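Taking it in order: structure first as structure tokens, then the write-up.
As a basis for the values below, the full set of heavy atoms in this structure was taken, side chains included, without hydrogen atoms, waters or symmetry mates. Bear in mind that the values here come from a model prediction, so they are computed numbers and not experimental data.
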Amino acid sequence: MVATEFADGVLRLTLARPEKRNALSDGLIAAIGATFAEWSTREDVSLAVLTGSGDKAFASGGDLKELDALRGEAEARAFAARTRSAFDHIRRFPVPVLAILNGDALGGGAELAMACDQRLALAHARIGFLQAKLNIATAWGGGTDLFTLVGPSRAVRILATARIFSAIEAERLGLVDAVAPTGEQGAEFVASYIGEMTQRPQVMRAIKSLAIMHRFGGSAEERASREGARFAAAWVHDDHWAAVAKTAFGRR
């Protein structure tokens, strides 16, 4: 259900349910968590890219056929906890995770996008938290992520209205970080965006370490210790000294 490809430090994961608009079934959710958990031990990954198959949907939300069977409160709580745990593998992945919204990210699909560290939208993509239209709330951590990302006032409005935003509107609101142009230029834009983040794996791991601390909390002492430890590890790494050797300072 999750196709993977790895090259040049970039792990590409693709949700593979195009016939269901990549709806987040229990099986697909488990596969997402398991795939990120499996790759989290690899030291040669500098960036993960998550997208959906096809050009219609990144993820169209929870699988409504499955969700219709959840009638008890205990079942609903268990499903929410299980899914949030799967998405936490993205939030805690050791390098940044970039979501490429190849189409609609709706409901639970928007929550999946929020679990990633950055979001790049193709020009035709849309994003919307539709939960309120079903008289439910976010459950998989996406609401909490949204409040952190855009601030309380804007997050309340986004969740309450359950509006679907175009890629340009989403960028203006801070829901996505960039919008790729249409046509061939779009593919070049995406490749360049990814390329700028994959040349320094030790740096990317240090950055994600700080992102995890910011998202999940930690004392000032813990944050300082984590940042210092990551700096020291990067300093003694061969990649650092290779970079120094290429500078004017290193050539003296």
Side-chain angles (χ1 to χ4, degrees), residues 1-2 15-36 50-54 56-92 97 99 101-117 119 121 125-167 169-170 172-176 215-217:
M1 288 187 173
V2 178
L15 309 182
R17 293 191 79 200
E19 75 286 354
K20 297 292 186 181
R21 296 176 62 86
N22 300 319
L24 296 167
S25 65
D26 215 2
L28 178 54
I29 290 166
I32 291 170
T35 304
F36 275 97
L50 177 65
T51 191
S53 54
K56 301 297 184 184
F58 170 73
S60 58
D63 190 312
L64 295 180
K65 186 175 181 180
E66 285 189 3
L67 292 175
D68 187 60
L70 293 177
R71 297 289 176 166
E73 183 175 347
E75 291 176 292
R77 287 176 65 91
F79 176 66
R82 192 163 61 245
T83 304
R84 181 167 187 150
S85 177
F87 288 7
D88 277 349
H89 285 292
I90 299 174
R91 297 180 177 104
R92 294 186 180 277
V97 180
L101 307 187
N102 58 298
D104 289 349
L106 305 176
E111 294 200 58
L112 176 59
M114 290 298 110
C116 300
D117 298 288
R119 286 147 295 280
R126 304 182 302 167
I127 186 169
F129 290 82
L130 306 186
Q131 287 86 344
K133 290 186 176 180
L134 297 175
N135 285 321
I136 57 173
T138 55
W140 303 341
T144 300
D145 291 336
L146 181 65
F147 272 75
T148 301
L149 185 66
V150 303
S153 178
R154 184 167 284 178
V156 166
R157 180 71 178 172
I158 290 170
L159 294 174
T161 60
R163 277 191 56 198
I164 298 176
F165 300 99
S166 69
E169 289 176 310
R172 177 175 57 81
L173 291 168
L175 294 173
V176 302
R215 195 192 289 253
F216 290 98

What's the verdict on side-chain contact (heavy atoms from CB on, under 4.5 Å) for Phe58 and Ile127, showing C-alpha distance, side-chain angles and the deciding distance?
-> CA-CA 9 Å; Phe58 170 73; Ile127 186 169; over 6 Å; no
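Of all non-hydrogen atoms in Glu111 and Gly143, the two that sit nearest each other are OE1-N, 4.1 Å. Here the closest non-hydrogen pair linking Leu146 and Ala155 is CG-CB, 3.9 Å. In terms of heavy atoms, Ala16 sits closest to Ser53 at CA-OG, 3.7 Å. The heavy-atom pair separating Ala113 from Leu101 by the smallest distance is CB-CD2, 4.0 Å. Nearest approach of Val176 to Ala167, heavy atoms of both residues: CG2-O, 3.9 Å. Nearest approach of Phe129 to Gly142, heavy atoms of both residues: CE2-O, 4.2 Å.
Side-chain contact between Phe87 and Leu112 is present, with at least one heavy-atom pair separated by less than 4.5 Å. Side chains of Ile32 and Ile90 form a contact here, defined as non-hydrogen atoms less than 4.5 Å apart. Residues Met1 and Thr35 fail the side-chain proximity criterion, which asks for heavy atoms closer than 4.5 Å. The side-chain heavy atoms of Arg119 and Met114, taken from C-beta on, include a pair separated by under 4.5 Å. Proximity of Pro18 to Asn22: side-chain heavy atoms (C-beta onward) are separated by under 4.5 Å at one or more points.
Atom CG in Leu149 sits 6.5 Å away from atom CG in Leu175 (nearest 0.5 Å). To the nearest 0.5 Å, atom CZ of residue Phe147 and atom OG1 of residue Thr138 are 8.0 Å apart. We find the CG-CZ distance between Leu159 and Arg154 to be 13.0 Å, quoted to the nearest 0.5 Å. For the atom pair CH2 of Trp140 and CG of Leu24, the computed distance is 5.0 Å after rounding to the nearest 0.5 Å.
Of the possible polar contacts, one joining the Thr83 side chain to the Phe79 backbone as a donor-acceptor pair under 3.5 Å is found. Asp104 places no side-chain N or O within 3.5 Å of a backbone atom of Ala57 that could act as its donor or acceptor partner.
Of the candidates Asn102, Thr51, Leu50, Leu50 is the only one forming a side-chain contact (heavy atoms from CB on, under 4.5 Å) with Leu15. Of the candidates Asp145, Asp88, Thr144, Asp145 is the only one forming a side chain to side chain donor-acceptor pair (under 3.5 Å) with Arg215.
Within the cation-pi definition used here (under 6.0 Å to the ring centroid, within 45° of the axis), Arg91 does not qualify as a partner of Phe216.
Within 6.0 Å of atom CD in Glu19, more than 12 heavy atoms from other residues, nucleotides or ligands are found, so the atom counts as buried in its surroundings.
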